Each structure stands twice: as C-alpha cells, then as structure tokens.
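Working notes, beginning with the structure itself.
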Amino acid sequence: ICLALQVAFIHQLIQSRLQDNPNPLHETYMVLHAFCQALQLEVLCVQTQKLLDDRLDNHIRIEEYLQGRSLTLTYWRELTQHDPTVQLGYRLTVQVDPTEPSKPLMVFHTPSLGSKDSEIAERAIRTDHLSIERLLVHTIYLRTKARLSELKQDMDSKLGTDAEKCQLSGSPAMLHVPVLQPNLRSEQLLITVDTHTGVLLPHVPQYDNCPKIPDLQHALNNDKSKVDDLISELRYWLMLRRTEKTLQHLPATAHEHLPLMYYTSHPLNSLGKHKVFITFHKHPGYVVIVEFSEKEGSPCEVEQNLYFMVVKQASIEDNPDDDTVQTSLPKSYMRAYDLVKLDSFVCTHGPSTKVDVVEPGERALGGKRKLQQRGEPASKRVKVPAYFLPDVAQCIAMSDMKLPLTHLSLKLRERNVFNTGEQVEEGGMGVLLRLIDLPTTEGLSPDTIFTLRKHLLSASIRIQAAVAWQFTGSRVFGMEYLFTNCPVTSLHSREQGPRRATYFTYEVTSAEHVGTTVDAILADWTTISMLYQLVLQFAAQLSASRGGVESAGSSSSSSSNMANPKTLSEMVRVRSFNYKSITLAYGPSFDAFCVLRYSPEKKGFILSLVCVGKECGQ
C-alpha cells in the first residue's frame with residue numbers, strides 16, 4: 001500500500017511539472033533523481049540505526065538527518081575529547097551535491113581527506129551496493145592509515161640516519177617500530193588504531209604483559225611529548241629481557257634491583273639508572289653490573305658497560321668499617337665494596353676468546369658479518385640470535401670460570417705458594433693456574449729438595465667436570481704434577497717413558513672455604529715429597545745391589561758350588577710408582593705386594609700388604 005501511494009504521488013508530481021514546461025524530459029529526470037537520492041539517504045539512515053542497535057552501540061551517532069538532503073554521522077567520539085585540533089570531531093556527511101543536484105550523492109569528510117582518499121571512500125556507496133557500514137570501514141581505514149603515517153614520519157626522524165625505518169602495512173594498518181638494533185620482529189613495537197574509538201594501541205608481540213605499554217599508550221593518545229622517553233624506557237626494558245635470555249644457560253641470574261647498601265661516595269652512584277645486576281649462583285660475593293646507554297645519534301643501538309663489584313652479606317645494623325662487629329639480625333642486604341670497570345674488548349678478544357661480533361649498523365644494512373681473521377671460511381663463523389649479548393655472556397662465563405682459580409691463587413700466595421695467576425691454556429682449551437714454587441717440606445734433606453725441584457717440570461691446576469657428576473654441572477680442581485727422571489723403573493704399562501704425570505682432584509668450594517683446598521694441596525705435596533725421599537734411598541740401594549751382583553758374577557770363588565744369597569734387586573720388583581704411593585712385588589713368584597704411602601695426618605708411612613695367587617693361602 002505504501003509503495004503504491006509513493007508511486008501515485010510521484011506520478012501526480014511529475015504530471016504537474018510537465019504542464020507548460022519547455023523541457024519536460026529533463027524535469028522528469030530531475031524529479032525521479034531527487035526521489036531516488038532521498039530513498040538512498042533513507043536506506044543509509046536505516047542501516048545506521050540498525051548498526052547502532054546491533055553492534056556499534058555509542059561508538060557512532062547520527063548528528064543530523066535532513067530528509068532528502070543529507071545524513072551526518074560522527075565516529076571516534078572518544079578521541080575527539082583528547083585531540084584539541086579536531087574541534088568538530090570526526091564526521092562523515094552523505095549529501096546531495098548543492099551545486100549540481102543531478103550528480104550522485106557525495107561524501108564530505110571532517111577533517112578533510114585527500115582527494116584520492118575521498119574517491120576511494122565514495123566507491124563504498126555505489127548504487128548497486130549501498131552500504132553505510134562499508135563506507136565507515138573504508139573511511140576509518142583511511143583515517144587509521146593517515147594517523148599512523150603522521151606518526152611514522154615523527155618516529156623516523158628520531159631513529160637516526162643509519163637505523164632501520166618504521167614500516168606501515170597491513171589492513172587494518174599497522175605501524176612497525178624497530179626499538180633495538182639488531183632488530184627482532186617479535187620485539188618490535190606495533191602500533192595500531194582501535195577502529196571503534198580511534199585510540200592508538202601499542203603492543204610488543206613477544207611480551208603480552210609488558211609494564212611499559214600502559215604509560216606509552218597514554219602518552220601516544222594524550223601527551224606525545226613523553227613518547228620518546230617512554231620508548232627509551234621500553235628499549236632498556238627489552239635489553240633486560242635480552243640479558244635474561246643470554247644468561248639462561250649460564251650459572252647466573254639477572255636482577256633489576258638488589259638490596260645494596262653503600263655510602264653516598266661509592267662509585268655505584270656515578271652509574272646511570274638503566275642497569276642490570278647479575279649475581280653468580282656459585283659465587284655470592286660478586287656481582288656484575290651491566291650499564292646500558294643509548295648511542296648518540298642512533299638511539300636504537302644500546303651500548304653496554306660492564307662493572308665487577310665485590311659484595312658481602314650484611315644486616316642493616318652491621319658495622320661497615322669493622323667486619324668483626326656483627327649483629328644477630330638476618331643478613332638480608334648486600335654491602336657494596338670495590339667496583340671495577342671491565343674491558344669488554346679484552347674479555348672478548350683475549351687469547352682464544354674470539355667472539356663473532358657484528359656492528360649494529362652492519363646488521364641494518366643487511367646483516368653481513370665480518371670475518372675476524374682473513375681467510376677464515378664462512379662455515380666456521382658463529383651465528384648467534386639477535387637477542388644474544390655476546391659481551392655479557394663471555395664476561396659472565398669467563399668470570400664464573402676464573403673466580404675459583406682467583407680465590408685459590410690468592411690463598412696460595414698467602415701460604416707462600418707463588419703462582420702465575422689464572423692463564424688461558426694453549427689452544428684455548430681452558431684456564432689453568434701454574435705454581436711457580438712449592439714450599440719445602442719439613443724433614444727433607446737438601447739433596448732430596450734439590451733433586452725433587454730439579455725433576456719437577458710443572459705443577460698446574462685446572463677446573464674440570466667431576467667424573468661422577470659431570471652431567472649435573474659439578475666441577476673440581478684438577479691438580480697435575482709433571483715429573484721427569486723417575487728414580488725407579490716401574491713394571492706398570494702406564495708408567496713408562498721419560499715423563500710421569502700425577503693427578504689429584506679437589507672440590508671447588510666457595511671463597512670462604514677455599515683455605516681447606518689449599519690445606520689439601522699442601523698435604524698432598526707433603527705426601528709426594530716424603531715418599532720421593534724414601535724412593536730415592538730405595539733406588540740407591542737397588543742400584544748398589546745390581547752393582548754387587550755384576551761384580552760377583554765376574555769374579556771366581558772357591559765356593560762357586562754353593563748358592564749365592566739373593567740381592568735386593570733380585571728379591572723385589574717395583575710394580576708401580578705414581579708419586580702418591582709405591583707398590584713392590586716380592587716372593588718366589590712375585591705375587592705378594594706391599595703398598596707404601598705417606599699420611600700427612602698421621603705424619604708417618606702406611607704399609608699395606610696384599611697377596612694374590614695359590615701360595616697366598618699356605
């Protein structure tokens with residue numbers, strides 16, 4: 001009925017306009033065209049009302065609807081309250097062309113869009129597909145892209161000339177902001193626009209709960225003067241996360257804060273506020289501090305300064321000037337003492353410590369790596385992920401390896417055992433401590449002392465994995481004595497040749513208990529010295545007995561028919577001598593053994609008798 005009434009009304013209107021009209025066809029077209037545009041506006045208004053009721057709620061609003069003339073909508077109403085430059089808000093007006101009514105409906109944007117973008121948006125309200133939702137989607141997409149493009153220009157100007165630029169892509173549009181160099185896609189700052197409200201939404205894909213994001217979002221939408229500082233804070237926060245990942249396979253832990261106590265004059269006060277504290281699992285008395293700072297002119301490149309600090313567990317009421325004055329309160333704090341800056345170049349470019357380092361600028365230009373040595377094949381280059389901090393990893397691993405030897409070296413010097421300090425072994429196989437001079441054992445003759453030192457080629461200490469616990473990360477000190485010109489000839493297959501090695505192992509303890517390790521080393525040296533003196537005397541007697549046998553065999557005697565008594569060299573054989581103990585074989589079949597060793601605890605020799613074979617039970 002309604003359609004029939006409308007058709008009848010249009011028929012009467014056109015009929016009235018055709019009377020006495022010099023251009024009846026044009027008039028008929030104009031009436032029908034105006035009627036169709038009115039119907040289009042009515043359809044768009046109904047669609048808008050349906051969107052309000054079903055999905056968009058209060059995100060859009062019909063500001064004005066003039067039947068047959070125009071339809072005005074507002075969107076991003078929340079953003080209008082925070083953006084003083086947009087006084088009238090974000091509006092979309094679909095209206096009849098006021099200058100040429102014969103043209104199709106036109107779209108007017110406030111604030112205005114570019115002519116090209118306006119043409120793209122107007123395609124959404126073609127007569128064959130009339131959709132206010134499609135028009136809104138296209139308009140908001142163009143608005144989003146325009147906002148992010150403006151933000152991209154501002155960001156690019158502050159990243160530096162050599163840094164990787166921001167990228168704008170996707171639908172809906174997304175701005176990719178590189179925060180660090182080298183750049184990881186998962187660590188990029190992604191900025192999008194909420195299509196309903198127009199609010200900028202920052203996000204770091206790898207960290208859903210990044211604590212820096214809420215403040216950054218507030219600054220992007222309200223006070224952009226704080227954006228640069230907040231991105232710097234995000235950059236330092238990501239460096240802390242990278243430090244944690246770098247240390248995940250090392251015996252150390254990264255901390256943002258530590259309960260430190262120190263004077264106002266302590267060098268720690270001169271460090272910047274952006275730093276991370278690294279504590280060792282096995283060395284609680286030391287802390288490595290990594291200070292971060294943005295490179296001037298290229299803020300995405302973060303420079304690292306490493307410091308080594310000595311700390312000690314303390315309570316709040318302990319006397320810092322007198323360690324003997326301590327309270328019974330729990331030691332919940334760390335008192336800071338010496339602070340030394342580490343040279344990361346020396347740590348990473350010392351003997352056999354080559355680290356594959358690529359300058360951040362080179363990564364930005366394609367990530368090509370330099371060969372550290374001319375002619376080195378590319379297959380030997382070590383490739384590390386972008387989050388890995390090679391300087392930090394090398395310094396932490398080196399410190400964890402050298403600290404036990406450093407403690408031991410200092411304690412040995414206190415006991416007059418001079419050494420070279422920790423050194424990198426030939427070929428970069430590890431770190432060792434060489435002993436230059438060992439103390440003279442009480443009770444040794446001058447000749448024994450001279451002979452022992454003359455035939456001792458080297459005494460070195462290494463850190464190695466414990467055999468029984470090698471898969472749990474336990475380590476031991478491996479002590480190696482290398483001797484030459486052994487006084488006696490052994491029957492053991494492993495004790496042949498001009499050089500003999502003797503090994504001892506000691507548990508790697510903390511700095512407070514390293515004195516027990518030194519006591520054990522000196523006790524074993526006493527064992528070697530005392531046994532060596534006895535073996536020298538025994539070797540002299542063996543040599544003398546062999547000489548007597550030879551002289552007796554060459555001379556004739558009237559009692560040649562009588563059996564000659566056996567000499568020492570004929571009765572005893574040296575089955576084994578490893579400088580810890582000596583094993584002698586004797587008896588008719590040499591199946592009885594005696595094992596002789598020196599005990600520093602008992603300050604005497606211990607003799608053990610062993611017998612094998614059938615005659616032992618008789």
Side-chain angles (χ1 to χ4, degrees), residues 59-60 73-93 107-124 135-181 183 185 187-205 210 212-235 294 297-300 364:
H59 295 301
I60 64 172
L73 309 179
T74 57
Y75 57 94
W76 287 2
R77 299 172 58 216
E78 181 180 342
L79 182 62
T80 306
Q81 303 172 4
H82 304 291
D83 193 351
T85 60
V86 186
Q87 298 179 355
L88 299 178
Y90 290 90
R91 296 191 174 201
L92 173 67
T93 301
V107 181
F108 182 74
H109 298 276
T110 305
S112 62
L113 289 172
S115 58
K116 186 176 181 180
D117 292 339
S118 298
E119 291 177 5
I120 297 175
E122 288 179 2
R123 296 175 188 172
L135 177 60
L136 281 172
V137 168
H138 278 69
T139 301
I140 290 176
Y141 169 74
L142 294 174
R143 289 286 183 200
T144 297
K145 193 172 181 180
R147 289 201 70 192
L148 293 179
S149 297
E150 181 182 354
L151 184 61
K152 178 182 182 301
Q153 294 179 359
D154 185 50
M155 293 282 190
D156 285 342
S157 63
K158 299 174 181 178
L159 291 178
T161 56
D162 296 334
E164 183 179 349
K165 302 302 181 182
C166 302
Q167 296 181 359
L168 181 60
S169 61
S171 179
M174 181 179 296
L175 182 63
H176 300 254
V177 182
V179 181
L180 288 170
Q181 291 291 346
N183 179 27
R185 292 184 62 86
E187 290 181 344
Q188 287 182 344
L189 176 64
L190 306 183
I191 303 178
T192 58
V193 178
D194 190 330
T195 55
H196 288 169
T197 62
V199 174
L200 292 171
L201 301 176
H203 174 61
V204 179
C210 177
K212 307 297 181 181
I213 293 300
D215 293 337
L216 182 57
Q217 178 176 336
H218 183 269
L220 284 170
N221 294 286
N222 297 277
D223 187 3
K224 291 189 176 180
S225 62
K226 299 180 180 179
V227 170
D228 293 343
D229 293 336
L230 290 173
I231 289 181
S232 293
E233 293 296 326
L234 175 63
R235 186 174 291 118
E294 295 176 348
S298 184
C300 289

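Here the structure is a predicted model, which is why all the values come from computation and not from measurement.
Taking the side chain as every heavy atom from C-beta outward, Leu168 and Lys145 approach each other to under 4.5 Å. In this structure, Val204 and Gln188 have side chains that are not in contact, with every pair of non-hydrogen atoms separated by 4.5 Å or more. Residues Val193 and Pro172 form no side-chain contact, since every pair of their non-hydrogen atoms from C-beta on lies 4.5 Å or further apart. Residues His203 and Thr192 have side chains not in contact (no heavy-atom distance under 4.5 Å, counting atoms from C-beta outward). Side-chain contact between Trp76 and Val199 is absent, with no heavy atoms from C-beta onward closer than 4.5 Å. A heavy-atom distance below 4.5 Å is not found between the side chains of Gln217 and Leu200. Here the side chains of Leu175 and Thr144 are not in contact, with every heavy-atom distance at 4.5 Å or above. At least one side-chain heavy atom of Met155 sits less than 4.5 Å from a side-chain heavy atom of Val227.
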Criterion side chain to side chain contact (heavy atoms under 4.5 Å, CB included) on Arg91 and Leu73, from CA distance to verdict: CA-CA 6 Å; Arg91 296 191 174 201; Leu73 309 179; over 6 Å; no
Gln181 and Glu164: CA distance, side-chain angles, deciding distance, side chain to side chain contact (heavy atoms under 4.5 Å, CB included) verdict: CA-CA 8 Å; Gln181 291 291 346; Glu164 183 179 349; 3.2 Å; yes
Residues Tyr141, Thr139; criterion side chain to side chain contact (heavy atoms under 4.5 Å, CB included); working and verdict: CA-CA 5 Å; Tyr141 169 74; Thr139 301; over 6 Å; no
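Between Tyr75 and Tyr90, the ring planes are tilted. Angles from 30° to 60° get that label.
Of all the heavy atoms in Ser169 and His176, the pair that sits closest is OG-NE2, 3.8 Å. Taking every heavy atom of both residues into account, Leu148 and Ala173 meet most closely at CD1-O, 3.5 Å. Scanning both residues, Ile231 and Val179, for their nearest heavy atoms gives O-CG1, 4.3 Å. Across all their heavy atoms, Arg235 and Cys300 have their closest contact at NE-CA, 3.7 Å. The shortest non-hydrogen separation linking Lys224 to Leu220 is CE-O, 3.3 Å. Residue Gly89 comes nearest to Pro111 through the heavy atom pair O-CD, 3.9 Å, listed as atom of the first residue, atom of the second, then distance.
The distance from atom NZ of Lys165 to atom NZ of Lys152, rounded to the nearest 0.5 Å, is 8.5 Å. The distance from atom CD of Gln167 to atom CG of Leu190, rounded to the nearest 0.5 Å, is 11.0 Å. We find the CD1-NE2 distance between Ile140 and His196 to be 7.5 Å, quoted to the nearest 0.5 Å. With values rounded to the nearest 0.5 angstrom, Lys158 atom NZ is found 11.0 Å from Cys166 atom SG.
At distances below 3.5 Å, at least one donor-acceptor pair connects side-chain atoms of Ser157 with backbone N or O atoms of Asp154.
Here the rule is side chain to side chain contact (heavy atoms under 4.5 Å, CB included) with Leu201, and of Asp194, Ile213, Ile191 only Asp194 fits it.
Counting only N and O atoms by type, the side chains of Glu294 and Ser232 include a donor and acceptor under 3.5 Å apart.
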